[in-house]
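A short worksheet on the structure shown next.
Please read these numbers as outputs of a predicted model, since none were measured by experiment.
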Number of protein chains: 2
Amino acid sequence: MSNQPRNTPCELCASRKYSLMSDLSHAQVCSISDHKNLISHRKGQILYYESTKPLGIFCINSGVVKVYKTASNGKEQIVHLGKEGDFLGYAALLGEENYTNSAMIVEDAKICFIPKEAFLNTLLGNTQFFKRVTKELSHELGVMEEKLTDATQKSIRERLAFVLIHLASSYGIEGGDSQKIDLILTREEIAGIVGTATESVIRLLSEFKKDGLIEFEGKKIIIKDKRGLARLSDFYA
Amino acid sequence: MSNQPRNTPCELCASRKYSLMSDLSHAQVCSISDHKNLISHRKGQILYYESTKPLGIFCINSGVVKVYKTASNGKEQIVHLGKEGDFLGYAALLGEENYTNSAMIVEDAKICFIPKEAFLNTLLGNTQFFKRVTKELSHELGVMEEKLTDATQKSIRERLAFVLIHLASSYGIEGGDSQKIDLILTREEIAGIVGTATESVIRLLSEFKKDGLIEFEGKKIIIKDKRGLARLSDFYA
DNA sequence: TGTATTCTATGATAATAGTCAGTATTTTTT
DNA sequence: AAAAAATACTGACTATTATCATAGAATACA
């Protein structure tokens with residue numbers, strides 16, 4: 001909206017090139033841009049709640065968002081960590097159902113809200129964009145099936161090692177032979193990603209540290225031996 | 001193909017009304033129908049293998065198909081049981097990647113193969129159909145996230161009870177106060193759905209039987225106490 | 001029809017991971 | 001700066017579930 005000076009238009013947004021919107025024509029980007037609304041969010045704020053009605057989608061300009069389900073025992077299962085360029089909430093919109101998960105800011109974020117109509121109109125008016133979104137959706141389904149298989153067939157140790165490697169590949173900053181995961185997560189949140197109890201994560205992380213696989217730097221984790229973790233994370237590999 | 005007398009055209013196919021194709025116009029159904037190919041499959045036959053290239057999609061006319069991933073320990077995680085009217089393999093096609101899972105016939109089946117081009121052309125030529133497919137994909141993603149959450153946060157007993165209830169709702173035939181699951185699965189396959197060891201399923205099923213929740217009739221399972229199972233399957237409910 | 005193979009079942013044991021309780025440490029709030 | 005709250009950690013214990021071994025039953029097959 002032109003009367004909001006802090007609201008960078010999508011066509012100038014640096015994170016667009018990483019996003020589903022990278023395929024859109026200039027006119028289409030502008031059409032979305034004219035309807036979107038940028039909001040800043042602090043850590044802990046909720047973007048949307050499970051079982052509520054989606055009114056649009058969210059596009060992450062900066063920051064990190066956890067997408068999670070709350071199990072019947074009260075624990076959180078984190079199904080996705082969204083970062084710069086990621087779209088959130090489009091599955092509920094396209095599935096024409098209420099949100100099946102919730103989203104909370106993990107690291108201070110700038111997030112654009114694109115109203116349902118603007119998004120759907122652009123989608124239906126641009127087959128290429130529609131295909132791109134559907135491609136992403138299909139890919140996510142495959143990823144989720146993989147996670148399910150890992151959850152039922154691998155040990156917590158293997159899964160934690162795997163999660164660390166993945167966090168490093170998404171949020172890692174190189175430092176010689178080691179890699180720092182540049183994202184602060186509580187032990188409880190890591191447990192939510194792995195799908196285990198907080199205490200198990202704490203114990204395993206200190207085991208990994210004792211074995212020289214990782215180190216701690218403040219609240220951040222440094223991967224010291226990626227190969228060692230990779231070996232731990234799978235039966236072969 | 002008109003020279004194959006046994007190949008019922010889609011426009012006359014009884015399972016179409018349950019399928020994603022229920023929205024298509026007559027012309028579009030015929031366009032798909034003209035390119036499809038009906039094949040009979042016996043139990044145990046493979047429809048496609050994980051990591052191979054999809055050449056089209058499968059539409060189940062009759063029978064049951066298990067869609068599964070093979071974990072690194074060799075065990076199967078069944079991610080979906082497909083039945084009459086279900087489309088299989090479209091996620092890989094739309095995700096433009098190789099199959100991320102495999103599909104095997106569980107109960108003798110008649111399955112139509114629709115070549116990639118015919119499917120994609122119809123999809124891109126009919127926004128309504130495209131939307132319908134995307135809706136299904138989005139829904140499946142939500143279902144998979146739910147399964148992941150259950151896998152990490154619920155006990156095997158709870159999950160097995162839940163699986164039995166779901167099998168009953170998909171394959172159940174009513175019989176007074178009880179419901180027969182009209183589908184033969186081995187204990188190993190049930191374990192593959194639940195995500196556990198075969199022995200655990202065997203033990204729990206006989207526990208359920210001892211507790212009057214289920215009974216066996218040949219290789220089929222009869223739900224005697226659905227409420228009891230439902231109570232077992234969740235912390236509340 | 002006999003044989004091989006697969007499937008179901010059961011017991012014993014071990015490993016894994018969860019829960020509970022209590023304490024230390026860090027962070028946030030007032 | 002003190003108090004409160006949240007987070008991290010540790011130990012003890014328990015429950016759950018996997019694994020291994022073995023045997024019987026059912027099914028396929030040749």
Given [N], is OP1 or OP2 found less than 4.0 Å from the side-chain N or O atoms of [X]?
{"X": "K219(B)", "N": "dT8(C)", "value": "yes"}
{"X": "T196(B)", "N": "dA18(D)", "value": "yes"}
{"X": "K75(B)", "N": "dT19(D)", "value": "yes"}
{"X": "S200(A)", "N": "dG18(C)", "value": "yes"}
{"X": "R203(B)", "N": "dT10(C)", "value": "no"}

Between [X] ([atom1]) and [N] ([atom2]), how many Å, whole number?
{"X": "I190(B)", "N": "dT17(D)", "atom1": "CD1", "atom2": "P", "result": "17 Å"}
{"X": "K154(A)", "N": "dA18(D)", "atom1": "NZ", "atom2": "P", "result": "16 Å"}
{"X": "E199(A)", "N": "dT16(C)", "atom1": "CD", "atom2": "P", "result": "18 Å"}
{"X": "R187(B)", "N": "dT17(D)", "atom1": "CZ", "atom2": "C1'", "result": "18 Å"}
{"X": "E188(B)", "N": "dT8(C)", "atom1": "CD", "atom2": "C1'", "result": "11 Å"}
{"X": "K43(B)", "N": "dA28(D)", "atom1": "NZ", "atom2": "P", "result": "7 Å"}
{"X": "K209(B)", "N": "dT8(C)", "atom1": "NZ", "atom2": "P", "result": "14 Å"}
{"X": "N73(B)", "N": "dC20(D)", "atom1": "CG", "atom2": "P", "result": "11 Å"}

With nearest nucleotide decided by heavy atoms, which residue, L185(A) or L204(B), maps closer to the 5′ end of DNA chain D?
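In this pair, the answer is L185(A).
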Using heavy atoms to find the nearest nucleotide of DNA chain D for R157(B) and F216(A) separately, return the residue whose nucleotide is more 5′.
F216(A)
L137(A) and L141(B): side-chain contact (heavy atoms from CB on, under 4.5 Å), yes or no, with the steps?
CA-CA 8 Å; L137(A) 213 42; L141(B) 183 59; 4.0 Å; yes
Between N101(B) and E145(A): side-chain donor-acceptor atoms closer than 3.5 Å:
yes
Under 3.5 Å, is there a donor-acceptor pair linking the side chains of Q77(B) and T152(A)?
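Yes.
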Suppose we call a contact any N or O donor and acceptor under 3.5 Å apart; does that hold for the side chain of E189(B) and the base of dC7(C)?
no
Counting the atoms with a prime plus P, OP1 and OP2 as sugar-phosphate, which does I202(B) contact under 4.0 Å by heavy atoms, base, sugar-phosphate, or nothing?
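Base, at least one base atom sits under 4.0 Å.
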Geometric class of the F87(A)/Y90(A) ring pair [parallel <30°, tilted 30-60°, perpendicular >60°]
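If you compare the ring of Y90(A) with that of F87(A), the planes turn out perpendicular.
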With side-chain contact (heavy atoms from CB on, under 4.5 Å) as the criterion, how do E76(A) and K66(A) come out once you've worked through the C-alpha distance, each side chain's angles and the decisive distance to 0.1 Å?
CA-CA 10 Å; E76(A) 279 180 11; K66(A) 64 175 172 186; 3.1 Å; yes
